[in-house]
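Counting starts at 1 for both ligands and their atoms, following the listed order. From a predicted model like this one, the values you see are computed outputs, not experimental measurements. For the single chain, residues carry numbers from 1 onward in sequence order.
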Amino acid sequence: METAGRAVTVDRLVFALNGRRYEVAAGEVDPSMPLLEFIRTRTPFKGTKLGCGEDGCGACVVLVAKYNPRKDEVTEFSASSCLTLLYSINFCSVITTEGLGNTQDGFHAVQKRMSGFHASQCGFCTPG
Ligand code: FES
């Protein structure tokens, strides 16, 4: 990682996934590990899927919130987790489809609309 021309050493990653805090020690994961692989292999959240693996299908899309301390503002954006490196979400908050809504806490309005209007065929990519 580089900040303003200076190399910064990261000894651990800290981020939130669906409101849960995760800490990963540097060296515990390969620097090339995609966020999607971490989500599917190291968390209970399996709604985010691997489809094309090249930013084309949307099955792996998650919502990322990133705080900018210089501007004191949070920016939210969607990201294809198949191509997002785990190391790039340090200090971010990530929300998957389970974080939007679920059977226990109730579904998000978007999930209700998609379900109500039968807006999917097989449903594989619907969580994205
Ligand atoms: S798996 Fe298709 S965009 Fe990520």
Side-chain angles (χ1 to χ4, degrees):
M1 180 182 290
E2 191 168 309
T3 301
R6 296 174 307 167
V8 176
T9 303
V10 175
D11 64 347
R12 65 190 165 113
L13 302 174
V14 180
F15 56 93
L17 179 60
N18 293 334
R20 295 185 191 181
R21 179 186 171 98
Y22 283 85
E23 281 194 42
V24 180
E28 187 181 324
V29 295
D30 187 309
S32 65
M33 176 185 270
L35 172 59
L36 175 63
E37 183 180 336
F38 182 86
I39 291 171
R40 291 203 48 91
T41 62
R42 296 183 184 223
T43 79
F45 307 114
K46 308 300 182 201
T48 306
K49 308 282 193 341
L50 173 62
C52 64
E54 54 186 30
D55 199 22
C57 71
C60 68
V61 170
V62 295
L63 177 66
V64 179
K66 190 171 207 158
Y67 176 65
N68 183 333
R70 289 192 188 125
K71 295 182 178 178
D72 191 29
E73 66 182 27
V74 175
T75 303
E76 293 179 323
F77 53 92
S78 62
S80 294
S81 62
C82 67
L83 295 183
T84 301
L85 295 177
L86 183 64
Y87 274 67
S88 71
I89 59 137
N90 200 21
F91 300 124
C92 291
S93 175
V94 177
I95 297 176
T96 68
T97 188
E98 294 95 337
L100 274 183
N102 54 61
T103 55
Q104 293 173 341
D105 302 325
F107 290 110
H108 185 273
V110 170
Q111 293 167 320
K112 288 179 183 172
R113 298 283 288 185
M114 292 192 75
S115 173
F117 286 94
H118 309 288
S120 68
Q121 290 182 350
C122 74
F124 181 81
C125 64
T126 304

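One N or O on the side chain of Gln111 and one on the backbone of Thr97 form a donor-acceptor pair closer than 3.5 Å. A donor-acceptor pair under 3.5 Å is absent between the side-chain atoms of Glu23 and the main chain of Arg12, judged by distance alone.
Residue-environment remark: CZ (Phe77) exceeds the threshold of 12 foreign heavy atoms within 6.0 Å.
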If you look only at distance, which donor and acceptor atoms sit under 3.5 Å apart when one is on a side chain in residues 53-66 and the other is two or more places apart or in another chain?
residue: Asp55; atom: OD1; partner: Ser80; partner atom: OG; Å: 2.4

With a cut-off of 3.5 Å and sequence neighbours excluded, list every side-chain donor-acceptor pair involving residues 25-34.
residue: Glu28; atom: OE1; partner: Ala25; partner atom: N; Å: 3.4
residue: Glu28; atom: OE2; partner: Arg42; partner atom: NH1; Å: 3.3
residue: Asp30; atom: OD1; partner: Ser32; partner atom: N; Å: 2.7
residue: Asp30; atom: OD1; partner: Ser32; partner atom: OG; Å: 2.7

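Here Ser120 pairs with Thr126 under the side-chain contact (heavy atoms from CB on, under 4.5 Å) rule; sequence neighbours left out.
Excluding waters, the set of protein N/O/S atoms under 2.8 Å from atom 2 (Fe) of ligand 1 reads Cys52 SG, Cys57 SG.
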